[in-house]
Visitor: 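Provided herewith is a single structure, encoded as C-alpha cells, for subsequent inquiry.
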Amino acid sequence: MSILTREFYLCPDVVQVAMDLLGKHLVTRMDGIITSGIICETEAYAGVSDRASHAYGGRRTARTEVMYAIGGTAYVYLCYGVHSLFNIVTNEADIPHAVLIRGIMPAEGQAHMLRRSGKERITKDSGVGPGKVSKLLGIHYSHSGLDLAVLSDKMDTPGIWLEDRDIHINRKNILMLPRVGVDYAGEDALLPYRFKIG
DNA sequence: CGGCCGATCCACT
DNA sequence: GTGGATCGGCCGA
C-alpha cells in the first residue's frame, strides 16, 4: 500500500492519469470516519483547449480558480444544485487539467455509506455516478481546494487522499467512451475521454 | 440585479 | 422513458 504522492498528479498527460486512477482507492476521513472505494470510472478534462472543461479558453472564475492549482488538488463543485462532483486537478500549476471521478466500488466503511445515502444495501452500482461517489464518501463542495498529496495529521479535519493497493488494471480491460453530459462541447464531446473498468 | 442553466439522480409512468 | 428537484455560478444589462 502506498499513498499517491505529488509526482503522480504532476503527470502532463491527463488522459494517462485518468486511466491510471482506475483501480486506485479513493479514501476520505470526515469527522474521523474513514470510508473508501476503488475507482472504476473516470473522465479526463484537458484544460484550456477542451470545450467540455470549465477552464476552456483559459476562463478563470472564483469557482474554477482551484483548477489552476498544482496537481493533487481537489476541485469539487455543485451540479444541478444538488450534487457535489469530485475532480482531481493534475499537471503543474496554471495548467487546469482535471479528472472527474465518476464511479467507485465501495470498500471500507460501507455502513457509513449506507447511512449517508439513505439506502439499505450496497449493490454493484451504489457508487457509480459522480454524485453518488461524493455522497458515499461524504465529499462536499466546501472541500474544494483540499490537498490530496499532503494530509493534515489532525484526525478531526476533513481529509481526502488516494492509495495504490497493488490493484493493476490491464489496458485491455479499460473501456474508452465519450464523456457524459457534455453535448455543448461540439466535436470535443466525441473524444474518448471516459474510462471504465470493463 | 435578474434570469438561466448545469460534467445528476431518482421517483414515477 | 421522462420530468422535477434545487441552488450556486455565470453572464448580460
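Values reported hereafter were calculated over all heavy atoms of this structure, with side chains retained and with hydrogens, waters and symmetry mates removed. Chain letters run A, B, ... following the sequence lines, proteins first, then strands; residues in each count from 1.
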Visitor: Tell me whether A/D156 at atom CG has more than 12 heavy atoms from other residues, nucleotides or ligands lying less than 6.0 Å away.
Guide: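 Result for CG/A/D156: enclosed.
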Visitor: Quick one: label A/Y77 by what it contacts on the DNA or RNA (base, sugar-phosphate, nothing), any heavy atom closer than 4.0 Å.
Guide: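 Here A/Y77 touches the bases of the nucleic acid.
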Visitor: Distance only, no hydrogens: is a donor on one side chain within 3.5 Å (strictly under) of an acceptor on the other, for A/E43 and A/Y45?
Guide: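 Result is yes, a qualifying pair exists.
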Visitor: Heavy atoms under 4.0 Å, any strand shown: does A/R179 hit a base, just sugar-phosphate, or nothing?
Guide: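 The residue A/R179 makes no contact with any strand.
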Visitor: Contact list please: residues 40-61 of chain A against DNA chain C, heavy atoms, distance less than 4.0 Å, in numerical order.
Guide: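 Per residue number, the list reads A/R59, A/T61.
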Visitor: Should the heavy atoms of other residues, nucleotides or ligands under 6.0 Å from CE of A/M30 be counted, would the total exceed 12?
Guide: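 Yes, the 6.0 Å shell around CE holds more than 12 heavy atoms from other groups.
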Visitor: Does A/E41 pair with A/R194 as a salt bridge, N-O distance under 4.0 Å?
Guide: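 Yes, this pair counts.
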Visitor: How long is the span from the CD1 atom in A/I101 to the SG atom in A/C40, to the nearest 0.5 Å?
Guide: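 So the gap between those two atoms works out to 9.5 Å.
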Visitor: Side chains of A/V76 and A/I139: closer than 4.5 Å at any heavy-atom pair?
Guide: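 Answer yes - side chains close enough.
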Visitor: Under 4.5 Å between any side-chain heavy atoms of A/P192 and A/R179, yes or no?
Guide: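 Answer no - side chains too far apart.
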Visitor: Taking the side chain as C-beta and beyond, is there a heavy-atom pair between A/I33 and A/R115 under 4.5 Å?
Guide: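 In short, these two side chains touch, coming nearer than 4.5 Å.
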Visitor: Find out whether A/Q110 and A/L136 are in side-chain contact, i.e. whether some heavy atom of one side chain is under 4.5 Å from a heavy atom of the other.
Guide: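 No, their side chains stay 4.5 Å or more apart.
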Visitor: Salt bridge or not for A/K24 and A/D166, using N-O below 4.0 Å?
Guide: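 So A/K24 does not pair with A/D166 through a salt bridge.
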Visitor: Give the dot-bracket line for DNA chain B from 5' end to 3' end: parentheses for intra-strand Watson-Crick or G-U pairs under 3.5 Å, square brackets for crossings, | for inter-strand pairing, dots for unpaired.
Guide: ||||||.|||||.
Visitor: I'd like the C1' distance from B/dC5 over to C/dG3, given in whole Å.
Guide: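 These two C1' atoms come out 16 Å apart once rounded.
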Visitor: Between which nucleotides of DNA chain B, 5' to 3', does chain A make heavy-atom contacts below 4.0 Å?
Guide: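 Nucleotide range in contact with chain A: B/dG6 to B/dC10.
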Visitor: Can you check whether A/L26 reaches A/I160 side chain to side chain, under 4.5 Å on heavy atoms?
Guide: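 The answer is yes, as the side chains (C-beta and beyond) meet within the 4.5 Å cut-off.
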Visitor: Cation over ring, A/R51 on A/Y184, under 6.0 Å and within 45°?
Guide: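 A/R51 over A/Y184 ring: no.
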Visitor: Is A/T61 reaching over with its side chain to a backbone N or O of A/T64, donor-acceptor style, under 3.5 angstrom?
Guide: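 Answer holds: yes.
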Visitor: What integer distance in Å separates A/Y141:OH from C/dT6:P?
Guide: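 It works out to 14 Å between those atoms.
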Visitor: Where along residues 14-27 of chain A does a heavy atom come under 4.0 Å from DNA chain C, residue by residue in number order?
Guide: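 Correct list: empty, so none.
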Visitor: Once you apply a heavy-atom cut-off of 4.0 Å, does A/K132 come out as touching a base, just sugar-phosphate, or nothing?
Guide: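 Sugar-phosphate, backbone atoms only, no base.
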Visitor: Heavy atoms within less than 4.0 Å of DNA chain C: which residues of residues 78-111 of chain A have one? Give them sorted by number.
Guide: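 Residues of residues 78-111 of chain A that come under 4.0 Å of DNA chain C are, in numerical order, A/L78, A/Y80, A/G81, A/V82.
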Visitor: Restricting to pairs with a member in residues 76-125 of chain A, which pass ring pair (Phe, Tyr, Trp, His ring centres under 6.0 Å), not counting sequence neighbours?
Guide: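 Listed once each, the pairs are A/H54-A/Y77, A/Y75-A/Y77.
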Visitor: Check whether the side chains of A/T35 and A/R116 place a donor and an acceptor atom closer than 3.5 Å, and report yes or no.
Guide: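 Yes - a donor-acceptor pair under 3.5 Å links their side chains.
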Visitor: Counting only heavy atoms not in A/Y193 (residues, nucleotides, ligands), do more than 12 fall under 6.0 Å from its OH?
Guide: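 No, not enclosed.
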Visitor: Nearest nucleotide by nearest heavy atom, which residue falls closer to the 5' end of DNA chain B, A/K119 or A/G181?
Guide: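 In this pair, the answer is A/G181.
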